[in-house]
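Reading through the structure tokens given below for one structure.
Quick caveat: nothing in here was measured; it's all calculated off a predicted structure. In what follows, every chain begins at residue 1, and chains take the letters A, B, ... in the order their sequences are listed.
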Amino acid sequence: MPELPDVEGFRRVVSDHAVGARVEGVQVADEGVLRGVSGRVFRRRIVGATLTEPHRHGKWLVVPLAGSGGAERPTGHPTEHRPDDPSVVFHFGMTGGLSWVPAERVGEEPPHRHDRVVLRTEGGELRFRDMRKLQGIRLAESDHAVDVLLGGLGPDAATVTAAGFRQQVRPLRRQLKPALMDQTVIAGLGNLLVDETMWRAGLRPDRPTAGLDDAALNRLHARMRTVVRHSMRHGRVPANPSWLTGHRDPGQDQICPRCGTPLRRGRVGGRTTVWCPRCQPG
DNA sequence: GGTCTTGTTGCACC
DNA sequence: AGGTGCAACAAGAC
């Protein structure tokens with residue numbers, strides 16, 4: 001599932017329920033989702049720390065910690081994140097997710113077999129579930145380490161300006177869809193969002209980026225922003241009848257909701273791609 | 001069995 | 001250097 005809007009939904013889960021909570025325990029059911037850190041170190045760093053306001057860049061979710069690891073401090077438990085405090089950094093791959101289970105419901109909601117890591121706080125549990133373990137959880141030791149980790153990403157798809165978008169895309173000489181999927185170009189777009197965006201912009205996914213003038217790039221940017229913002233409100237890419245997303249898959253009608261033409265299905269940039277041959281001519 | 005999958009990385013190759 | 005294609009990661013659906 002997770003593209004930018006899904007990750008935004010996970011950010012809200014943390015923001016709405018877990019900010020200010022002190023981590024009392026960490027269960028690592030499957031160490032395979034921890035990247036670059038052992039379960040032991042991860043647990044030691046996190047237990048006793050307080051979760052602070054999360055932020056998202058593209059498909060990455062950063063949860064900064066206040067205070068870290070074990071030792072009680074004379075001042076009590078700090079609740080302000082400082083630049084040299086660590087952050088928990090999530091990437092959800094294709095099948096990851098984050099949910100909040102309030103303490104009073106923890107008993108009724110037994111662990112799912114794909115719940116890989118659980119952070120327990122007084123108010124409830126933050127559960128990281130991931131079927132395939134294509135990505136996972138990292139621990140960045142400081143804000144600088146977060147910057148290094150995420151430094152290669154392009155501007156976030158939800159906030160990039162038209163000028164920023166043109167600047168990123170214009171120099172490229174490649175197919176449009178793989179360009180937009182590339183997280184170093186624009187961060188946050190996945191397969192569904194990109195197909196939706198190009199369908200609305202009337203551009204074929206396999207057309208070259210070269211030849212798109214400022215007006216075309218501005219239009220593409222505007223469509224992208226509409227798709228991304230609408231999806232963010234839903235916390236996922238909506239399977240709305242007026243969206244390509246509601247028609248693209250076998251089991252759906254696979255008819256363009258705008259013109260009724262049968263949709264085309266193929267591979268572009270190695271990914272399953274759906275487009276309307278009439279609305280998206282060369 | 002085979003093929004497919006809403007993500008990313010590393011590598012060979014052009 | 002920038003771009004492309006493929007395998008790998010892992011686990012399930014059809």
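Between A:R236 and B:dT6 there is no side-chain N or O to OP1 or OP2 distance below 4.0 Å. A close approach under 4.0 Å does occur between a side-chain nitrogen or oxygen of A:H91 and OP1 or OP2 of B:dT8. A:Q183 has no side-chain polar atom (N or O) that falls below the 4.0 Å cut-off from OP1 or OP2 of B:dG7.
At whole-Å resolution of the value, CZ in A:R35 and P in C:dA8 are 17 Å apart. The distance from atom CZ of A:R271 to atom C1' of B:dT9 is 13 Å, rounded to the nearest whole Å. Computed from coordinates, the A:L153 CG to B:dG7 P distance equals 14 Å when rounded to whole Å. Across the protein-nucleic acid pair, A:L193 atom CG and B:dT6 atom C1' stand 9 Å apart, rounded to whole Å. With rounding to whole Å, A:W60 atom CH2 is found 8 Å from B:dT8 atom P. Distance A:R248 CZ to B:dC4 P: 15 Å, rounded to the nearest Å. Remark: P of B:dT9 and CE of A:M181 are 12 Å apart, rounded to the nearest angstrom. In this structure, A:M94 places its CE atom 6 Å from C1' of B:dG7, rounding to the nearest Å.
A donor-acceptor pair shorter than 3.5 Å cannot be found between the side chains of A:N240 and A:H234. One side chain, A:S15 or A:E53, offers a donor N or O that lies under 3.5 Å from an acceptor on the other. Side chains of A:H247 and A:D253: a donor-acceptor N/O pair is present below 3.5 angstrom, by distance only.
Heavy atoms of A:G270 sit nowhere under 4.0 angstrom from any nucleic acid atom. The residue A:R267 sits close only to the backbone: its heavy atoms come under 4.0 Å of sugar-phosphate atoms, none of a base. Across all strands shown, A:L172 has heavy atoms under 4.0 Å from sugar-phosphate atoms exclusively, and none from any base.
In the hydrophobic clustering, A:V148 connects to no other residue, as no ILVMFWY side-chain heavy atoms lie under 4.5 Å from its own.
Environment of CZ in A:R278: sparse, with no more than 12 heavy atoms of neighbouring residues, nucleotides or ligands closer than 6.0 Å.
Using a 30° and 60° split on the angle between ring planes, A:F90 and A:F92 fall in the parallel class, below 30°.
The structure places CG of A:L51 at 12.0 Å from OG1 of A:T79, a figure rounded to the nearest 0.5 Å.
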Handout entry: Verdict with reasoning, A:R40 to A:E31, per salt bridge (charged side-chain N to carboxylate O under 4.0 Å, His left out)
Key = CA-CA 10 Å; A:R40 203 162 53 90; A:E31 205 157 332; over 6 Å; no
Practice task
Tell me, with the steps shown, if A:R120 and A:E125 meet salt bridge (charged side-chain N to carboxylate O under 4.0 Å, His left out).
Solution key: CA-CA 5 Å; A:R120 184 169 48 81; A:E125 289 182 353; 5.2 Å; no
Handout entry: Bracket notation of DNA chain B in which parentheses pair within the strand, [ ] cross earlier pairs, and | pairs with another strand (Watson-Crick or G-U, under 3.5 Å)
Key = .||||.||||||||
Tabulate atom names and distances for all N/O pairs under 3.5 angstrom spanning the protein and nucleotides 11-14 of chain C.
from: C:dA11; atom 1: OP1; to: A:K133; atom 2: NZ; distance (Å): 3.3
from: C:dG12; atom 1: OP1; to: A:R113; atom 2: NH1; distance (Å): 3.0
from: C:dG12; atom 1: OP1; to: A:R113; atom 2: NH2; distance (Å): 3.1
from: C:dG12; atom 1: OP1; to: A:H114; atom 2: NE2; distance (Å): 2.8

